[in-house]
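As the structure is a computational prediction, the values presented were derived from the model and not from experiment.
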Amino acid sequence: MEFTLGQVAAILQGKVEGDENQKVFRLDKIQEGKEGGISFLSNEKYQSFIYDTEATAVIVSENFIPTKALKTTLIRVKDAYTGFTTLLEAYSQFTKASLTGVQEPSFIDESSSIGENCFRGAFSHIGKHCSIGDSVKIHPQVFIGDRVKIGNNTILHPGVKICSDTIIGDNCEIHPGAVIGADGFGFAPQADGTYKAIPQIGNVIIEDHVSIGANTTIDCATMGSTIIKKGVKIDNLVQIAHNVIIGENTVIASQAGISGSTEIGKSCVIAGQAGIIGHLKIADNTTIGAKTGIIKSIKIAGQTIFGYIGMDMKNFLKAYSIFKNLDDIENRLRELEKKP
Amino acid sequence: MEFTLGQVAAILQGKVEGDENQKVFRLDKIQEGKEGGISFLSNEKYQSFIYDTEATAVIVSENFIPTKALKTTLIRVKDAYTGFTTLLEAYSQFTKASLTGVQEPSFIDESSSIGENCFRGAFSHIGKHCSIGDSVKIHPQVFIGDRVKIGNNTILHPGVKICSDTIIGDNCEIHPGAVIGADGFGFAPQADGTYKAIPQIGNVIIEDHVSIGANTTIDCATMGSTIIKKGVKIDNLVQIAHNVIIGENTVIASQAGISGSTEIGKSCVIAGQAGIIGHLKIADNTTIGAKTGIIKSIKIAGQTIFGYIGMDMKNFLKAYSIFKNLDDIENRLRELEKKP
Amino acid sequence: MEFTLGQVAAILQGKVEGDENQKVFRLDKIQEGKEGGISFLSNEKYQSFIYDTEATAVIVSENFIPTKALKTTLIRVKDAYTGFTTLLEAYSQFTKASLTGVQEPSFIDESSSIGENCFRGAFSHIGKHCSIGDSVKIHPQVFIGDRVKIGNNTILHPGVKICSDTIIGDNCEIHPGAVIGADGFGFAPQADGTYKAIPQIGNVIIEDHVSIGANTTIDCATMGSTIIKKGVKIDNLVQIAHNVIIGENTVIASQAGISGSTEIGKSCVIAGQAGIIGHLKIADNTTIGAKTGIIKSIKIAGQTIFGYIGMDMKNFLKAYSIFKNLDDIENRLRELEKKP
């Protein structure tokens, strides 16, 4: 980025107390501010740093009154914290949206269509009969198979692979190396002990405002669709198997795994390294703790489940606290047994 | 795909009851059938859907007698379920095998050879002295290093990386983003607390009919070979470390990990997120439950092992059911201790 | 590789007992030696193999006295094991360092600079304002974003993705498919139940002599830096979240996960599938066992922690050994309760 302080003040509806033509290139923490950076002061705890920071500018709230001389330039706004997050978002939006055009070489089959204001990076591949919306950013080395549909404003980061027949909505962001729509893991055991692949002819549907982490894998359905609903946020290295359905606004942390045909409700939180076996239903608003194993459906909404075989979190923690001292129970039992 | 109903009937040795020239493009579930789709009716539970389905055609068994008027066209075969799976496989085979030719730009060193009826996708890379069989499908963005050997009919999906010296058999399928033959994780501790990499000069051997999931990693051996035997099926995000050997027809589910030099027997089933430490031997026909940790060799074939530190599954479940109520045991013990 | 036995002897300061012009192409185990291979005999247990090996040459120690006729050629050195590892390293170094030049097509923005003796593989991408040192090996299909800095002698294997603003030191090795610097997983819950992405504008700093495994993911900081310090070794499929700091010479095995803002000390060992929640501090020299869950900071250095919720390893194993027989405790308790 490169903004003058005047431009920053315009975005934030604030006022520069100094030279409006100074330029900033970076957002810095106030205690680590360097020339060319812009920072903010919101928490009083950090106030001492403002007098020494080398940041070119600091965003402060209306009521900030310096008690010493300042080297940095102030941009005064209604509320410094809100101002800074506004700037953060403007910066982030700007960075992501400003990418347009085509880097060569890149590959697109002539039967596919792509909207306006898009970016296609070098070594990206778009197969046959795809339909891609406006302002879609297809970074270098992205693979898109055949008959893929993508809505507007979606970002596919470098090396993302979107297999054939996948449907992706608007405003999604898929991080590097994620694989969407590979074959589900379905094999029919044969009489001679070998396995025969069951053709996986379904697809993946990803609704709007979904985020998918780096190197995460979401398999296509055997038939029908694996569905990731509106607003779902998925972290890195997560496994979503064939025919899974994830409800709206559910959040799934890194390295969690969900087995085939399981249906997760709305607004659930699934923590890191949790695992859920196949063909279950998880009620809305369920919280599943880190490393938890789920082996049966959860029917009552709003519970917090934890444990190697998941159970009510409080009960698990109580049991585990006794488990830690099982030695003690063993000894007490032995004492009692000695009694006549 | 695009088939006329006449062509479908020919594949299935069945009979069209209506216009043989109608075309189908898709396999649909009967309750979700749309124009251009073909479905099947096997389970009586779904019989009511056949009268309303919008699928162009439905495969039915010889003995099906409609009780109402039909909008769809029937294809009558001996057994509808078998007929549909036959069609599924024909479709799947057709889709995978029909891909041939070379998309440009792609890279192949002139010292490497490639058989007939192959496909090389855009941005794929084949290094030096490779030998690649017939009907091999190398999708876009695949990396193949030096001295790699690949048999016939093997499919490498987009972005697969096959490192130097890997040997792959016939009829294998490796899904997007999998990495085969990267350096094993071997470091020698030095006197000053640093670690020095131990050169990993072995390779990976993958026998025939092996399937490997998306973003799975299989490391090369330190010396000698990491070996994945005939018929093994591996899911997504699995880790197979250096010098591991996986026996024939063993199945490994997502996010499981197998540490260095461990040898897994034939026809084992290793469930999701299980972990096996290094230098062990696991007997044939062992079933290892989800999230199970294995820290010693399993010598007797045919067991089912489960638990944080794996043990006989029934015993673990019994122990866990008491663990869940440890509170109760604690209370009963306290009661007994109160007795005079 | 291709060396004459004379060249090998020169590297090892040893002596060929036979034809110095014979060529070797491969390092073999003595029991698996084939023509064109070179092996070593160090452990007496393997001595019987030397008389039958088909390896072209075998490295032996000064004091080795054959007791039967030999088909293979001997290279006699001071110590055979040291000699072999020296050869191993020479071979490995040679293989990695000999790669130079540019394969086309590849992409580099004109604003970026790259040092001497580098390699840029086909379909690699280097963005704007990057600064890349000498002898850096950028394999095919590597992605490097904007403003990335890379030191000397670093190797980026095929398909590695280095996102914008990442800084990497000297002598690092990053294995295929790893993703460095993708957005951290940060979302602010909104009043309507949706989540809004918090812009992730920090970066990743990787110091010297760091190794990162295949398909591992290391996220950029929200602000500031995620830092991987000097000498850290990370295995495959590991997750390192935003703002994590990993201390010098720490080793992290496959499929482990470290949540946001956690700080790991120096010289720790984190075993496979372990998980550490966010915002913790782990003391130096901590060993964390496989599958262990860490939910609070570890303040005393040098401990070995293990368990579903990590605790002192010996105590966990003691508790688990009683857990395995909880049935027995239940029965004994019942017996006691029956007493009058």
Side-chain angles (χ1 to χ4, degrees), chain A residues 105-107 123-125 127 141 143 145 159 161 163-164 177-179 181-183 185 187-188 193-201 215-217 219 223-224 237-239 241 255 257 259 273 275 277 291 293 295 307-309 311 315-316 318-323 326 329 332-333 335-336 339, chain B residues 26-29 32 85 88-89 91-93 95 103-105 121-123 139-141 157-159 173 175-177 209 211 213-216 230-231 233-237 248-249 251 253-255 266-267 271-273 290-291 307-308 317 320 323-327 329-330 333-334 336-337 339:
Chain A
S106 56
F107 185 100
F123 319 121
S124 62
H125 173 284
Q141 301 149 341
F143 171 83
K161 284 136 212 117
C163 299
S164 294
V179 175
D183 278 2
F185 193 62
F187 296 91
T194 64
Y195 291 86
K196 197 171 167 184
I198 298 167
Q200 305 286 314
I201 62 160
N215 285 349
T216 279
T217 57
D219 283 352
M223 282 185 73
L237 294 168
V238 170
Q239 154 74 352
Q255 296 175 322
S259 301
Q273 299 181 339
I277 69 162
K291 280 190 175 295
I295 62 172
Y308 183 74
I309 300 177
M311 52 192 272
N315 291 341
F316 180 84
K318 200 185 291 169
Y320 200 82
S321 72
I322 302 169
F323 162 84
L326 267 181
I329 286 196
R332 285 158 65 193
L333 201 54
E335 280 307 306
L336 287 171
K339 282 191 187 174
Chain B
R26 221 178 36 248
L27 304 168
D28 282 347
K29 293 186 188 173
E32 298 171 357
T85 59
L88 212 59
E89 275 159 32
Y91 168 60
S92 170
Q93 283 295 82
T95 308
Q103 287 179 342
E104 292 296 357
F123 318 122
H139 282 260
Q141 300 150 343
H157 284 280
E173 186 157 5
H175 291 93
H209 294 285
S211 178
N215 284 349
T216 279
K230 219 168 130 178
K233 311 297 181 192
I234 300 175
D235 200 353
N236 299 344
L237 293 170
E248 286 183 24
N249 298 321
V251 171
S254 181
Q255 295 175 323
K266 295 180 194 176
S267 300
Q273 297 182 340
K291 279 191 175 295
Y308 183 74
L317 291 175
Y320 200 83
F323 162 84
K324 283 168 31 179
N325 298 304
L326 268 181
D327 206 24
I329 286 195
E330 167 77 31
L333 199 56
R334 209 171 295 154
L336 287 171
E337 286 168 335
K339 282 191 189 176

Min side-chain heavy-atom separation B:Glu337-A:Leu336 under 4.5 Å: yes
Interchain contact, B:Pro176 with chain A, by part (heavy-atom threshold 4.5 Å): both
Out of A:Gly275, A:Ala182, A:Ala241, return the one with the most heavy atom pairs under 4.5 angstrom to chain B. A:Gly275
Just how far is it from atom CD1 of A:Ile277 to atom CD of B:Gln273, taken to the nearest 0.5 Å? 12.0 Å
According to salt bridge (Lys or Arg N to Asp or Glu O under 4.0 Å), who are the partners of B:Glu248, at least two apart in sequence or on a separate chain? none
Between A:Leu333 and chain B, with a heavy-atom cut-off of 4.5 Å, which part of the residue counts as in contact: side chain, backbone, both or neither? both
Taking all atoms of both residues into account, what is the closest heavy-atom pair of B:Gly177 and A:Lys161, and its distance? N-CD, 4.3 Å
The reported gap from CG in A:Asp219 to NE2 in B:His175 (rounded to nearest 0.5 angstrom) is 8.0 Å
Candidate list A:Val179, A:Val238, A:Thr216, A:Thr217, test side-chain contact (heavy atoms from CB on, under 4.5 Å), partner B:Leu237, passing option: A:Thr217
Under the rule for salt bridge (Lys or Arg N to Asp or Glu O under 4.0 Å), what residues qualify as partners of A:Lys339, not counting sequence neighbours? none
Roughly how far apart are A:Asn215 CG and B:Asn215 CG, rounded to 0.5 Å? 4.5 Å
Got a second to check how far A:Asn315's CG is from B:Asp327's CG, nearest 0.5 Å? 8.0 Å
Any donor-acceptor N/O pair, A:Tyr308 side chain to B:Gly307 backbone, under 3.5 Å: yes
Closest heavy-atom pair and its distance - B:Gln255, A:Gly257: OE1-CA, 3.4 Å
Which bit of A:Ile322 is near chain B, if near means a heavy-atom gap under 4.5 Å: side chain, backbone, both or neither? both
Rounded distance [0.5 Å steps], CG in B:Leu88 versus CD in A:Gln200: 8.5 Å
Which one of A:Phe323, A:Phe316, A:Phe187, A:Tyr320 has the most heavy-atom pairs closer than 4.5 Å to chain B? A:Phe187
Heavy-atom pair of closest approach, residues A:Pro199 and B:Glu89: CG-CG, 3.8 Å
What one should report as the nearest heavy-atom pair of A:Ala319 and B:Lys324 is CB-O, 4.4 Å
Scanning both residues in full, the closest heavy-atom pair of B:Phe123 with A:Ser124 reads CE1-O, 3.2 Å
Heavy-atom cut-off 4.5 Å, strictly under: side chain, backbone, both or neither for B:Leu317 against chain A? side chain
Would you sort out whether A:Met223 and B:Asp28 count as a side-chain contact (heavy atoms from CB on, under 4.5 Å), showing the intermediate values? CA-CA 7 Å; A:Met223 282 185 73; B:Asp28 282 347; 5.6 Å; no
Determine the option with the most heavy-atom pairs under 4.5 angstrom with chain B, choosing from A:Ile309, A:Ile329, A:Ile201. A:Ile309
Using a 3.5 Å distance criterion without hydrogens, assess whether the side chain of A:Gln141 forms a donor-acceptor pair with backbone atoms of B:Gln141. no
I'd like to know if the side chain of B:Asp235 reaches the main chain of A:Phe185, judged simply by a donor and an acceptor atom lying under 3.5 Å from each other, with no hydrogens or angles considered. no
B:Glu330/A:Lys318 ion pair, N-O < 4.0 Å: no
